[in-house]
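A quick write-up on the structure given underneath.
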Amino acid sequence: MNESTAPSPPTSIDSFYADEYDGQVRRAYLMLGDLGAAHDAVHDAFAAVISRWASIEAPGPYLNRCVLNACRDRARADARTTVGAVPELAAPAAPLRAELWELLDDLPFRQRAALVLRYYEGRTEREIAELLGVRPGTVGPLITRGLRRLRRSLR
Amino acid sequence: MKLDELEDELRLLFAERAADVTGPRPAPPRHLVDAGAIAHTTEVESDRRRRVLVVAAAVVAIAVLATTLVALRPTEERLLPAGPSGPLFVLPAEGPITQARMFNSLEVDEDEDLRVLTVARPVGGGALEDFVQIWIGGLRPTFEGSGERTVLELANVAIEAEIGAWQVGTGYAGEVDGVPVAIEVADVDEPELRSVLADVELSDGSARLVDGSDYVTAGQYAPPEQVTFATTMALDVSAQRWVFTGELSDDSLLSNMIGWHRAEPIRVRGRDGWLLTSPLWRNAIRWQETDRHYLQVSAPVEPDELAAFVEELRVVEAAEWLAATGGVLVNELPAGDDGPLFLLPQAGSTAAVSSVRAVDDVIVRTTWQRHRTYFPRTALGVADAVTIGVVQGPPRSGGEPVSIRFANRTIEFVASSPIPDALTVLEAPLGEDRLVVRSPAALDELTDVLAEIIVDADGWSRSEDGSRFGMLRSRDDPVDDIAVAGTEVDLVVEGVDVTLTTTEVATQPRALLGDAVVDAELISVLGRPAWTATTDEGTSLAWRETQRQSVLLSGDVPLDTLLRVATDLEEVDPSTWLAATGG
């Protein structure tokens, strides 16, 4: 998650993994709403990165894309499938936030991802666009739409 | 709720939820601090609060880490027995297995806290040039590679991975006598795992099952230089093992096979088959119809019930299946003596054949619905998930309303052909609108289409005259492929015909707003379907008043502003407009 701030490449896979894993899981969890799926997505992403380790010049950005792609794929799959309910993390939250957390599941993946990147990671629209693989002009509408949909649902 | 309040709540929500994820904390995100509090404090106070939070988080993290390390610290270790060239593992003598260690040519610091059973390659000495996989907590290999350096790195990586892996399934892989082998040990307790580790002797280059109630699948992989899984699978019933040969084109097959951690050979309809049990609450019966085809029925029900259901099925040929479903296959199915066989429910059965997918092998997935249970994930379905849904309730004749479960929602449909032959033609009674889906096959593509519809279900809006309108959008480009919100718009997606009929007309956004549109959304403006669009220059709002006239508002302003302007507009007829403007 550090392609913007960590220009020096990691020296080894394990240090790279140690640096990135937890943050990526958090990101994936917020985007997917399921911790197990988040771990799987990040594992998949690391598997992809490690398999190309020798040829990747900047593994951080590559991992970011892999994680986002993995999350997107899982989100799509989840939209088509329903597996047995996975126990939620024990996270007592304010009723409003608990409702928000549920409502996030109804957002299309890109909208949710954009919200996470903006309001959790504090990224700029340009950064979000790079991560999501969209044009910068698309990010604003994605966020606006996500917020609008949440507001509408909250009413 | 105001927008800024919502934004603050989202920041707090994300921070809270992210904090739920256990493990060492990464650098705190930029918006961890309560935005509401910031509004009432000075910057200094905010910084102080931030520092306090960071320090507190660090203290908690250290405490958690220390507790974890203590809990995971190995107790007295013992060496498990192994074959002459078999793997050697060191496991804690007591307590849950939290570590296993490679020996011989891998020199692992014994003080390291290995949490994941990794790879064994104890044979011989010398350089380690094995194909290695490490399975962590899922049904797919998490890491793979070859070479001594990689092995060490991967082992270190594995060390860092969560031990939660054991909850579902964990495996190990390595090379034994020159043959890379992966074994999954899923959902077993400590004695069982010890038994597995002790009994699996792989000196002959293959895997041997462990006696006992638990079943260990073993895959014989391709040579290391291929490092691939197989699409062609040979089910060796006599040896009670899965053997994978060939090259990779779909590793989900292997993942899936290994995902079944318990298998018992049974007779299915006079054929050798397997009763499979997954840690994911599924049971399945799978058997081989021909050398090339496998049939599988799976459901979250008891095996006996599943077996009874299988017996009710009848095998039909492709032509009969097609005739029954009225379908046209997108992909050419193989024919001839080795051609596909399909399962259809017996007359009166409430089961529904949900999908047929032509891949290298034809796999028939039969969806279980006797319990009206949505069973989304077929037994082969790591990457498939082709089941659209299960028709709820008894069989229906055409024209009766039914509902299906799809994407965790219940959708009302009118089936224009009898259920259970449904899911070939479905019509959605969305007011005046009808969603027609025709596809007996390639349901994965169809599912994609439907998923988009469902995902955008909230986008279905009702105009003032009661009609509804909506849109389909492509997953990849939300603008280019928007082809709906018109009358009789046909969208063909890889051979799947999806027809959406609406009573209102809304032209595609780029036709109204120009090529600069980068994103668009269909909304209702003054009771009409309209597009909001974003361009590099700002926001636009457009709708079609008649077949020939469109209204466009645009500006570098927020959409809300445009909407207010639109709402304030006065409808005038052309002559009034001309008089007012002198045009």
Side-chain angles (χ1 to χ4, degrees), chain A residues 1 12-14 17-18 21-23 25-27 29-30 35-36 38-40 43-44 46-47 50-51 53 76-84 89-91 93-94 96-97 100-101 104 106 108 115-116 119-122 135 137-138 140-142 144-145 147-155, chain B residues 1 3 6-7 9-18 20-21 23-27 29-31 136-138 140-145 153-154 156-157 159-160 162 164 280-281 300 374 376-377 381 383 385 387 405-408 447-448 451 454-456 458 475 518-519 521 534-536 559:
Chain A
M1 299 174 66
S12 66
I13 292 176
D14 53 342
Y17 181 92
Y21 184 79
D22 290 316
V25 168
R26 286 181 174 82
R27 165 190 280 176
Y29 173 52
L30 296 178
L35 186 57
H39 279 289
D40 286 348
H43 279 165
D44 288 348
F46 268 105
I50 291 172
S51 67
W53 182 256
R76 285 178 182 164
D78 288 346
R80 303 195 299 264
T81 64
T82 302
V83 190
L89 288 168
L96 174 62
R97 267 169 243 153
L100 262 182
W101 183 246
L104 284 169
D106 295 332
L115 292 178
V116 170
Y119 296 114
Y120 174 61
E121 300 185 12
R135 281 173 281 194
T138 306
L142 281 176
T144 302
R145 246 181 244 151
L147 291 174
R148 190 193 315 152
R149 201 155 164 175
L150 291 175
R151 287 175 72 188
R152 194 165 55 210
S153 301
L154 281 174
R155 289 176 194 144
Chain B
M1 174 182 287
L3 184 59
L6 177 60
E7 291 177 318
E9 287 296 331
L10 277 176
R11 290 188 180 101
L12 291 170
L13 170 66
F14 288 148
E16 282 180 2
R17 291 289 171 163
D20 291 340
V21 181
R25 296 286 186 268
R30 301 176 199 177
H31 295 290
I136 301 174
R140 302 185 61 184
T142 303
F143 306 100
E144 61 184 68
E153 287 175 343
L154 293 182
N156 287 332
V157 168
I159 291 169
E160 302 295 334
E162 261 307 318
L280 300 177
W281 319 291
Y374 178 48
R377 205 166 155 161
T387 303
R405 292 285 295 166
F406 174 73
N408 209 21
T447 304
D448 280 346
I454 303 308
V455 165
D456 284 328
D458 290 343
R475 291 177 306 174
V518 295
D519 201 4
E521 184 178 13
T534 303
T535 70
D536 291 338
L559 178 61

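Only this structure's heavy atoms are used, side chains among them; waters, hydrogens and symmetry mates stay out. Throughout, protein chains are lettered first and strands after them, A, B, ... in sequence-line order, and every chain is numbered starting at 1.
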Would you give the length of the straight line joining atom [atom1] of [X] to atom [atom2] of [Y], rounded to the nearest 0.5 angstrom?
{"X": "B:L3", "Y": "A:L150", "atom1": "CG", "atom2": "CG", "answer": "10.5 Å"}
{"X": "B:R17", "Y": "A:L30", "atom1": "CZ", "atom2": "CG", "answer": "9.5 Å"}
{"X": "A:R26", "Y": "B:F14", "atom1": "CZ", "atom2": "CZ", "answer": "15.0 Å"}

> A:V116 versus B:L10: any side-chain heavy-atom pair under 4.5 Å?
Replying inline: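 No, their side chains stay 4.5 Å or more apart.
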>> Applying side chain to side chain contact (heavy atoms under 4.5 Å, CB included) to A:L100 and B:L6, what does each step give before you reach the verdict?
In response: CA-CA 9 Å; A:L100 262 182; B:L6 177 60; 3.8 Å; yes
> Would A:Y120 and B:R11 satisfy side chain to side chain contact (heavy atoms under 4.5 Å, CB included), going step by step from the backbone distance to the final call?
Replying inline: CA-CA 6 Å; A:Y120 174 61; B:R11 290 188 180 101; over 6 Å; no
